S.K.: 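My structure is below; once you've seen it, I'll send some questions.
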Amino acid sequence: MMTFVATVAQALLLLALAPLLTGCIRNWKAKLQNRRGPRVWQPYLDLLKFLRKDMVISEHASWIFSAMPYVLFTSTLLAGLMVPLVTVAAPLSLFGGALAFVGLLALGRFFLALGGLDTASAFGGMGSSREMTLAAIAEPALMLAVFTVAIQAGSTNLSRVLQAAQGPGWTLLNPAYALAFAALFIVLLAETGRIPIDNPATHLELTMIHEAMLLEYSGRYLALIEWSASIKQLVLMALLANIFFPAGIATEMTPGRVGFSLIVFLGKLLVLAGAVVLVETTNAKLRLFRVPDLLGVAFILAALALLSTFLFQ
Amino acid sequence: MPDLLLKLSLSAYAFGIVAGLAAARRDELARLAGAGAGLAAGTCGVAAALSELIGAPGKRVAFNLWPSLLPHLRLGVRLDPLGAYFLLIVSALAIALSLYSFGYVRGFCGRKSVGALAAFFNGLLLTTTLVFLASNAFFFLIAWELMALTAYCLVSFEHETKESRNAGVLLFIMSHLGTGCLIAGFLLLFQASGSYEFESFRRLGVHLSAGRRDAAFLLFLVGFGVKAGIIPLHIWLPAAHPVAPSHASALLSGVLIKAGIYGLTRVLFEFLGTPPNWWGVTLLSIGTVSALLGVLYALMEHDLKRLLAYHSIENIGIILMGLGAALMFLHTHHPILATFALIASLYHTLNHAIFKALLFLGAGAVVHATHTRNMEEMGGLIKRMPKTALCFLVGAVAIAALPPLNGFVSEWLTYQSLLLGFGTTSSLIRLMFPLCGAMLALTGALAAACFVKAFGITFLAQPRGEPAAQAREASPTMLAGMGLLAAACIFLGLFPSALVRLLAPLTLELTGQRLALTSGSILTNTRPLGGTVSTLGIALMGICLLPIPLGLWLVFARHSRVRIGPTWDCGLRGLTPAMEYTATGFSKPIRMIFKALFRPKREVQREYDYSPYFAKTLRFDSHIEEPFVRRLYRPLNRAVLRLSRRMRTLQAGSIHAYLIYIFVTFLVLLIFAL
Amino acid sequence: MNSSPSDFPSQLITLLAAGMLVIQLLMAVQRMLLTSIRLFALQSLLFAAIATVIAYCHNAPEVYWVVGLTLAGKVCFLPWLLNRQVRRIGIVQEIAPLLNPSASMLLCGAFTVVGYLVARPFTSLERLGNNTLAVAIALLLTGFFLMLNRRKAISQVLALLTVENGAMLAAVALTTYGMPLVVEVSMFFDILVAVMVLGILVYRIRESFASMDLSELKLLKG
């Protein structure tokens with residue numbers, strides 16, 4: 001019963017919070033660039049509008065095109081339920097740890113890329129091709145960083161990883177964690193399509209990666225896809241925030257602790273979002289074939305994180 | 001009971017061969033006999049294997065096929081858990097493939113000898129089964145050679161094309177190279193034990209000197225490695241597998257290369273004893289390299305069946321990673337972990353057999369319908385062949401190791417064993433485990449990219465050519481064969497506990513351990529709370545979450561309309577199939593990123609009248625040659641040819657010269673005998 | 001004060017040392033000269049922080065000298081000098097390193113492993129209780145590699161400076177009290193003078209050849 005309530009609560013939290021985070025990032029980015037920017041809750045209104053709009057579906061599209069938003073949405077949400085947000089115990093912790101989390105995100109991406117190819121548009125194919133390529137080269141860095149953390153914790157279960165990180169002292173002082181954090185931060189930028197890798201606000205088709213796959217989507221499908229992108233961003237940020245700054249997270253399920261933990265969690269998220277905004281405003285988008293170099297840096301950082309379990313025993 | 005089932009199964013295959021040959025003139029009859037025999041034999045084989053793996057450990061099934069007249073040569077058949085597991089793989093595939101072949105072979109009717117095809121196909125099934133069941137090295141080698149021979153016949157079945165003939169010859173040569181090593185290896189073991197019986201080889205490693213043991217390891221590694229298709233011994237595989245008829249390709253990729261895995265498992269875990277560390281390190285490194293290079297070369301292919309063949313190399317690599325890790329754990333005396341890694345690799349062996357066969361059958365149906373293997377001419381097939389597309393999609397999701405299908409489960413087990421390996425030793429070698437894990441992650445992600453390409457370009461968007469636009473859905477029996485395998489993919493993904501339980505007697509025999517690994521539907525690793533996954537849970541939860549987007553639809557979008565219109569394509573008009581992304585274009589970023597590895601050769605020819613900027617015609621040619629071919633096999637080939645030219649002077653053609661050779665040899669032997 | 005690997009100052013030192021290593025790796029892939037200079041300044045700052053922690057926790061006031069010199073020289077003066085140089089000659093990018101960034105990253109990773117292997121026998125000599133020496137050796141090796149890999153004189157100077165950072169770190173790590181201060185200080189001035197001379201030389205080379213590509217120096221021989 002408890003698990004059921006926790007699952008529903010976390011799902012609702014993910015659904016409700018994700019657009020807000022996107023809104024915050026957009027708003028702050030605009031502020032840093034001396035623009036007024038959209039309001040923080042604009043993404044909610046966008047989603048509502050998309051949901052109500054009529055849809056145009058390409059005549060070349062097959063059922064894959066229509067199934068994709070649902071697969072993407074559920075798999076992303078499912079991945080989100082495996083990550084501890086405000087309590088150490090994630091609702092679906094037993095159903096899969098870090099590996100299933102990565103696998104579910106990959107499942108969503110697989111269908112997203114197929115959806116991009118399905119409409120016979122040249123831009124969609126280009127987006128799919130780039131998305132799959134970049135995801136592939138981000139994967140080893142992601143996995144290696146996850147392994148480092150998992151080895152430190154002795155488990156791939158995200159709740160266990162969090163418990164291990166909660167020990168005395170500040171985790172980030174451990175170079176293994178610090179380096180893994182740096183690596184995962186770069187991977188976060190890549191996975192959420194942020195600026196040095198992909199420009200979420202671009203209007204030029206040739207430079208698009210993630211957006212290029214969505215060009216043919218409209219109406220409620222677009223709403224689902226945008227929403228899943230927000231959820232994915234929220235989940236990845238929450239993972240980073242909670243593993244590397246575990247302070248304040250609730251270990252038991254009393255309302256007071258959970259409430260406090262929720263506030264701390266929001267604070268951590270906002271700080272991390274601020275970091276992303278800073279990176280986005282101070283950097284230019286990299287040329288596509290420079291991105292592997294950056295992800296190579298992430299991989300080496302993760303490898304060093306692993307090595308540092310030797311270096312600094 | 002398994003005794004009888006096994007005999008039935010073997011005789012059904014034999015019947016298939018005989019009936020196929022007898023009905024060589026009557027295509028319909030041969031088709032029916034071949035498929036029926038395979039189906040019956042496969043069913044009996046599955047039953048026999050299951051009764052051995054599930055049933056109470058009683059008397060082992062063992063009998064002689066034929067009373068033998070020669071010393072040491074005993075045509076003995078024996079069913080032990082390891083053999084039974086591989087028998088399960090081959091028999092399960094036999095069922096699906098025979099079903100499929102009934103519809104598929106119709107394409108050959110009147111054109112080729114269907115009877116011969118049925119005979120070869122059943123022959124390959126029979127010899128492969130015998131390889132897994134042989135109880136002594138002598139019989140094993142005979143079956144092994146017969147297997148290679150029937151494989152050769154199937155590969156060069158369409159011998160009108162030069163490609164098939166060359167592939168067949170290459171397969172034959174490489175296979176013999178491997179068999180040579182195997183003979184030498186078994187002779188080494190024979191020297192120590194004095195018998196060819198596998199039973200006498202058990203735990204023989206302790207009686208061998210270190211040097212001999214290492215020599216035996218290397219010989220078996222090369223011998224079985226050739227068959228498994230490890231890099232750099234793989235060159236025959238992408239050449240041979242695609243040219244065979246598709247159900248035979250599925251068998252070659254699904255089962256035949258697993259004979260190499262069977263051999264390695266048998267020899268390394270049963271015969272050679274506690275291994276030195278470098279064995280495991282070698283196997284793990286070879287596995288990693290094979291997996292990564294296999295998938296990278298697969299990405300560069302736009303021949304659908306060659307792409308799948310390269311993926312076989314990748315998956316063999318993943319299997320070997322598990323085996324290598326298991327050996328390293330045996331070295332550091334962690335039998336439980338070794339068992340875990342062994343389970344991971346054997347699970348992947350079965351999974352790969354199933355989804356690769358499924359994909360080959362899907363590819364076969366597509367090729368059957370479009371008459372081309374080139375993906376660039378396909379497209380839009382999901383509308384014309386919806387059921388085939390669905391089956392292919394299941395296979396693609398499985399091979400890309402995405403949850404909740406079977407590929408994910410076995411790769412999860414492999415990841416876990418690599419992660420657990422980190423704690424087994426304190427030397428720097430332990431860094432290998434996570435690094436190989438990271439490479440496995442890269443492999444998995446690249447495989448996903450590759451199957452987005454394979455599925456997306458083949459089945460989605462607009463047809464790129466006339467045959468693709470005219471394609472028709474595969475026949476019901478073909479669909480039944482594919483559906484069976486797709487169902488197996490889903491079952492093995494959702495219920496891993498069933499297979500783990502099946503593997504218990506096997507691991508008990510090989511490493512002396514049996515692991516439970518499952519509590520309910522949740523799969524765990526060997527450590528309490530060390531990591532859990534439940535694919536069934538994921539699947540059910542996914543279904544439970546589906547009402548959310550559907551509910552949103554009902555609440556908000558009830559009144560919205562759906563319009564079918566032309567593709568927007570950013571406002572461009574006149575979208576033609578030629579404007580779609582191609583397979584080559586899709587993998588271009590990866591080709592650029594791994595340029596140092598591929599070293600693509602490109603040639604641009606342009607013709608122009610007055611300015612190079614206004615070309616009249618433009619020809620672009622790009623191809624990739626594997627460095628192994630260029631650096632290793634070409635020089636080797638040249639050296640062999642040079643040597644043979646030298647040797648030719650010996651072949652004078654004169655009968656007197658030959659008589660002199662014989663006489664001199666005789667004389668030398670006599671003197672030597674003194 | 002006796003230090004165990006787990007107490008706070010030690011952890012801080014390890015983190016800072018790891019930071020130095022990371023910056024070194026970033027320099028290996030960075031093409032923009034100005035950014036490289038900034039990274040170098042940051043690395044020196046981290047080194048100064050390490051030295052401060054050591055000076056404070058191990059009661060070694062003479063190490064404050066090192067801190068002061070580093071801050072003045074390598075965090076402020078040299079970056080400023082190099083910055084000016086870069087602006088004067090107007091070259092902002094290292095166009096073509098010999099090895100591409102990914103390969104050089106991998107090599108640097110390998111050098112780190114080598115550093116670890118080489119430093120392992122000496123861990124008992126360290127007072128800091130952790131492998132700062134390994135990081136120092138890794139810095140030395142990657143610094144040398146960086147010098148090899150770069151064509152532009154300025155980036156070679158930067159690489160030399162990182163080598164020096166590595167040497168200083170080794171000195172501090174190995175002998176919290178041991179190595180005489182005078183050696184460290186003289187080493188520092190040595191490098192300072194070398195860099196200034198090189199800076200002038202670079203300018204002259206640029207004047208005479210209209211290029212900073214050192215591979216063209218080969219043309220000088222008769």
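Treat the numbers as computed from the prediction; the structure is a model and nothing was measured.
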S.K.: Go through the atoms of A:Phe111 and report whether side chain, backbone, both or neither lie under 4.5 Å from a heavy atom of chain B.
M.R.: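 Side chain only.
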
S.K.: Within a strict 4.5 Å, meaning less than it, do heavy atoms of the B:Leu545 and A:Leu81 side chains meet?
M.R.: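 B:Leu545 vs A:Leu81: side chains touch.
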
S.K.: Between A:Leu117 and B:Lys453, does a side chain to side chain contact (heavy atoms under 4.5 Å, CB included) hold up when you go through it step by step?
M.R.: CA-CA 9 Å; A:Leu117 276 169; B:Lys453 167 180 132 170; over 6 Å; no

S.K.: Can you check side chain to side chain contact (heavy atoms under 4.5 Å, CB included) on A:Glu216 and B:Asp569, steps first, answer last?
M.R.: CA-CA 7 Å; A:Glu216 302 296 331; B:Asp569 202 28; 4.3 Å; yes

S.K.: In terms of heavy-atom proximity below 4.5 Å to chain B, should A:Phe73 be classed as side chain, backbone, both, or neither?
M.R.: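 For A:Phe73, the contact with chain B is made by the side chain alone.
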
S.K.: Let's test your reading of the structure: which of A:Ile151, A:Leu224, A:Leu215, A:Thr119 forms the most heavy-atom pairs below 4.5 Å with chain B?
M.R.: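 Heavy-atom pairs under 4.5 Å are most numerous for A:Ile151.
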
S.K.: Who among B:Leu446, B:Asn525, B:Leu402 has the most heavy-atom pairs with chain A under 4.5 Å?
M.R.: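 Among the listed options, the one with the most contacts to chain A is B:Leu402.
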
S.K.: Are there residues of residues 382-390 of chain B that reach to under 4.5 Å of chain A by heavy atoms, and which ones?
M.R.: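 Only B:Ile382, B:Lys383, B:Leu390 of residues 382-390 of chain B have a heavy atom under 4.5 Å from chain A.
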
S.K.: Please classify the contact between B:Phe459 and chain A as side chain, backbone, both or neither, with a heavy-atom cut-off of under 4.5 Å.
M.R.: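 It is neither, since no heavy atom gets under 4.5 Å.
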
S.K.: Considering only heavy atoms and a distance below 4.5 Å, find which of B:Leu546, B:Leu552, B:Thr532, B:Thr535 pairs most often with chain A.
M.R.: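 Of B:Leu546, B:Leu552, B:Thr532, B:Thr535, B:Thr532 has the most heavy-atom pairs under 4.5 Å with chain A.
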
S.K.: Less than 4.5 Å apart, any side-chain heavy atom of A:Arg52 and any of B:Ser560?
M.R.: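 Answer no - side chains too far apart.
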
S.K.: Go through A:Gly97, A:Pro292, A:Ser93, A:Ala150 and name the one with the most non-hydrogen pairs under 4.5 angstrom from chain B.
M.R.: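 Looking at each option in turn, the highest pair count goes to A:Pro292.
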
S.K.: Non-hydrogen atoms of chain B under 4.5 Å away: do they reach the side chain of A:Leu142, the backbone, both or neither?
M.R.: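 For A:Leu142, there is no contact with chain B at all, as no heavy atom is under 4.5 Å.
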
S.K.: Under 4.5 Å from any heavy atom of chain B, what part of A:Leu15 do you find: side chain, backbone, both or neither?
M.R.: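 When you check distances to chain B, only side chain atoms of A:Leu15 fall under 4.5 Å.
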
S.K.: Between chain A and each of B:Leu435, B:Thr576, B:Val562, count heavy-atom pairs under 4.5 Å; write down the option with the most.
M.R.: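 Winner by heavy-atom pair count: B:Val562.
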
S.K.: Please flag which part of A:Ala61 lies under 4.5 Å from any non-hydrogen atom of chain B: side chain, backbone, both or neither.
M.R.: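 Answer is backbone: N, CA, C or O of A:Ala61 sit under 4.5 Å from chain B.
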
S.K.: Does any heavy atom of chain B fall under 4.5 Å from the side chain of A:Phe147, the backbone, both, or neither of them?
M.R.: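 Interface part for A:Phe147: both.
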
S.K.: First locate atom OG1 of B:Thr567, then atom NE2 of A:His60, and finally report the distance between them rounded to the nearest 0.5 Å.
M.R.: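 Output value for this atom pair is 4.5 Å.
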
S.K.: Counting heavy-atom pairs under 4.5 Å to chain A, which of B:Met579, B:Gln462, B:Met439, B:Gln416 comes out on top?
M.R.: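 Going by pairs under 4.5 Å, I would pick B:Gln462.
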
S.K.: Taking every heavy-atom pair that is under 4.5 Å apart, which of A:Asp118, A:Asn157, A:Val146 has the most such pairs with chain B?
M.R.: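 The residue among A:Asp118, A:Asn157, A:Val146 with the greatest pair count is A:Asp118.
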
S.K.: So do the side chains of B:Val533 and A:Leu99 get within less than 4.5 Å of each other, counting heavy atoms only?
M.R.: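 In short, these two side chains do not touch, never coming nearer than 4.5 Å.
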
